[in-house]
Amino acid sequence: METGFRKWIIVITIITSTIIELIDSTIVNVSINTMSGNLGSTLEDTAWVITSYAIANVIIIPMTSFLAQTFGRKQYYIGSIILFTVASALCGFSTNLWELVFFRFCQGIGGGALLSTSQAILFETFPPKDRGLASGIFSLGIIVGPSIGPVLGGYIVDNYQWQWIFNVNIPIGMLAALLSFMYLRDTPKPPVQKSIDWWGILLLIVGIGSLQVVLERGQTDDWFAANYIIVLTATSVISLLLLVWRQLSVDNPIINLKVLKSGTLAISAIMTFVLGFGLLSALFVFPLYTQRIIGFTAFQTGTILLPGTMMAALISPFLGKMLQSGIRPQYLIICGFGLTAAFGFMMSRNNLESGDANFLLALIFRGLGAALLIVPLTALAVSDLKPADIPQGASLNNMMRQMGGSFGIALTNTYIAHREAINRTALITHVTASDDVTLQRRQSFVRNFMAHGANYLHAVQQSIEALERTVVRQTFLLSYMDAFLLLAILNALCIPLVIVTIKRRPVVKMVGKVEIPDAH
C-alpha cells in the first residue's frame, strides 16, 4: 500500500503501460493495407502481424503470476516494459514481413505481461477498501487503449510512415521503465527456488497458440476445409486438457487453477469472456461498416468512437467509488449489458444514408456499457481472493477477456460471411428481367451513362455492373446489420444469467441486543 505522491506516480505509470499495450492490439489493424504494399506481401500474409501479437499475448498472460514470483515482480515488470519497447523499435526497423511478424511476437510477450502485472500492482497500491476505485482506474486503460488505437493508427498512416505506429512506443516505454525503477518497491525472489513446470509451459504454448491460430485464421482459410485447421484444433483440445490435468496435479503449477475454487472469480471469468466477445466484436464490425459501406477513412472511424470512449473514461473512477460505497457489482453489470444490447439494436437499424449523427448516441451507449461491465467485473474477479492469489486471479480474468475477444472476432466474421450468402440470395431473386423496379433502375443507369458519353451497348454493360455493385453494397449492409443485432441479442441474454448470481442479503432481526439472521 502506498500513499501521497509515490502512490499517484505509480498509478500514472501503471495506466500508461496498460494503455500502450492495449493500443498496440488495435493500432496495426488500420495499416495492414499500407504495410502489405510497402513490404510486397499479400493481405493474408500481412495479417500475421496482428495474429502473432495476439498469440503471444494470450500465451503469456496466464503465466505472468508464476514468472513474477520466479524473477521478482518489479524486475519482471521492468523487464517486460523493456522487451516491449525494444521489440517496438525493431518492428519499426523491420525490412521484410516475417522479420516484422517475429518482432511483433516478441512485443506481444512483453506487452501481455504488462496487463495482469499492472493490475496486481495497482490493487496492492490501494488499501483493500479502495479496490473498487483501483478497478475503476485500471479500467481506464482497458477502455481507452483498444478504442484509441484505430484513431492513432489512422492518423499516423494518413500523415506519416507506418513505422511510426511502433516508434511512438519508444519514448513512452523508456519513461515507464524509468518511473517503475524509481518508484516501484522491490519484491524479492522466493528464498527457495521452486522447480519450473516445463511441461506445463510447453502444453500452454502449444494449446493456446494452436487455438489462437485457429481463431485468427479459420475464416480466411474456410475453417475445417483446411487440413492445418483440423490438425491445430485437435492439437489445441488435447494440449489444453492435458494442461488442466497437469496444473491440478503438480506441486508448482505454471497456472494455479485452484484459485477458480472462488465462485466469484469463476463467474466473473465467464462474464469477462462475454465482455471480451462483445467489446472487440463491436470494434471489429463498426469499422468494417463505416469504411466499406459509408466511406469513412480510418481516422474518421476512430474519431467518431472517441466521444463514447471519453464518456466511459470519465465515469470509470465514479463507478469505482460506487462499488466502494456498497453497491452490488451485479446491478452495474446488468446496466452494462443492457446498454451494450441497446447499442447493437440501434446500430442494426442503420442504412446506407446513415452518418455521424446516427451513430453518436449508440456509441455513447456502447462506451457507458463497456465501463459498467469492465469496472465491476475487474473488481468482482479478485474480491474474494487472498492477496497472494490476486496476481493469478487477475491473470486468468485478463486471459478470458482476450480469449473472448478472439472468439468474438472469429465467430462474428464467420457469421457475417454466412449472412452475406443468405442476403445475396434473397436480394438477387428480385433482380430479374421481369421485375419492374429493376428495369426502371437499369434504364436510369443506361440514360445516365449515355449522357456521360457512352454508346448504348457500353451503357447497357455498365448498367449491369452498376446493379451488381448495388446488390453487393446492400448485401454487406444487411450482413453488418445482422451482426449488430446478434451482438444485441447475446448481450440481452446475459442479463438473466447475472440476475441469477445476485444473492439475497440476510434480513437481520434484533432479539434484545443480539442480531439474529432471519432464516427466510
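Please read these numbers as outputs of a predicted model, since none were measured by experiment.
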A.B. asks: What distance separates Asp482 CG from Leu477 CG, expressed to the nearest 0.5 Å?
C.D. replies: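 It comes to 9.5 Å.
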A.B. asks: What pairs meet the salt bridge (charged side-chain N to carboxylate O under 4.0 Å, His left out) rule with one or both residues in residues 351-372, with sequence neighbours excluded?
C.D. replies: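 Every candidate salt bridge (charged side-chain N to carboxylate O under 4.0 Å, His left out) pair involving residues 351-372 fails, so no pair, neighbours aside, qualifies.
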A.B. asks: Passes side chain to side chain contact (heavy atoms under 4.5 Å, CB included), Trp162 versus Leu39? Steps please.
C.D. replies: CA-CA 11 Å; Trp162 62 264; Leu39 296 171; 4.1 Å; yes
A.B. asks: Is Ser236 reaching over with its side chain to a backbone N or O of Thr233, donor-acceptor style, under 3.5 angstrom?
C.D. replies: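 Such a contact is absent between Ser236 side chain and Thr233 backbone.
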A.B. asks: Decide yes or no on side chain to side chain contact (heavy atoms under 4.5 Å, CB included) for Phe337 and Val274, but give the supporting numbers first.
C.D. replies: CA-CA 10 Å; Phe337 279 126; Val274 176; 3.9 Å; yes
A.B. asks: Quick one: do the Gln107 and Ser88 side chains pair a donor with an acceptor below 3.5 Å?
C.D. replies: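 Yes, because at least one side-chain N or O of Gln107 sits under 3.5 Å from a partner of the opposite role on Ser88.
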A.B. asks: Look at the aromatic rings of Phe476 and Tyr480 and report parallel, tilted or perpendicular, splitting at 30° and 60°.
C.D. replies: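 Ring orientation, 0 to 90° scale: parallel.
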A.B. asks: Hey, could you give me the OG1/CD1 distance between Thr475 and Ile416, rounded to the nearest 0.5 Å?
C.D. replies: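 Thr475 atom OG1 to Ile416 atom CD1 measures 13.0 Å (nearest 0.5 Å).
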A.B. asks: When you measure from the side chain of Asn169 to the backbone N and O of Thr85, does any donor-acceptor pair fall under 3.5 Å?
C.D. replies: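 Judged by distance alone, no pair lies under 3.5 Å.
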A.B. asks: Determine, stepwise, if the pair Thr340 / Phe365 fulfils side chain to side chain contact (heavy atoms under 4.5 Å, CB included).
C.D. replies: CA-CA 6 Å; Thr340 309; Phe365 279 1; over 6 Å; no
A.B. asks: Measuring from atom CG of Leu478 to atom CD of Glu420, what distance do you get when rounded to the nearest 0.5 angstrom?
C.D. replies: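 Between Leu478 CG and Glu420 CD, I get 10.5 Å after rounding to 0.5 Å.
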A.B. asks: How long is the straight-line distance from CD1 of Ile14 back to OG1 of Thr117, given to the nearest 0.5 Å?
C.D. replies: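 Rounded to the nearest 0.5 Å, the OG1-CD1 separation comes to 8.5 Å.
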A.B. asks: Given Cys91, which of Phe103, Tyr53, Phe102 fulfils the side chain to side chain contact (heavy atoms under 4.5 Å, CB included) condition?
C.D. replies: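 Result for side chain to side chain contact (heavy atoms under 4.5 Å, CB included) with Cys91: Phe103.
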A.B. asks: Ignoring hydrogens and geometry, is there a side-chain-to-backbone donor-acceptor pair from Asn448 to Ser444 under 3.5 Å?
C.D. replies: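 The answer is no, because no donor-acceptor pair under 3.5 Å joins these two groups.
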A.B. asks: With no hydrogens and no angle check, just 3.5 Å: does a side-chain donor-acceptor pair link Ser395 and Thr64?
C.D. replies: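 Result is yes, a qualifying pair exists.
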A.B. asks: Tell me, please, which residues at least two apart from Phe359 pass ring-ring contact (aromatic ring centres under 6.0 Å, His included).
C.D. replies: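 Phe359 satisfies ring-ring contact (aromatic ring centres under 6.0 Å, His included) with Phe286, Tyr289 only.
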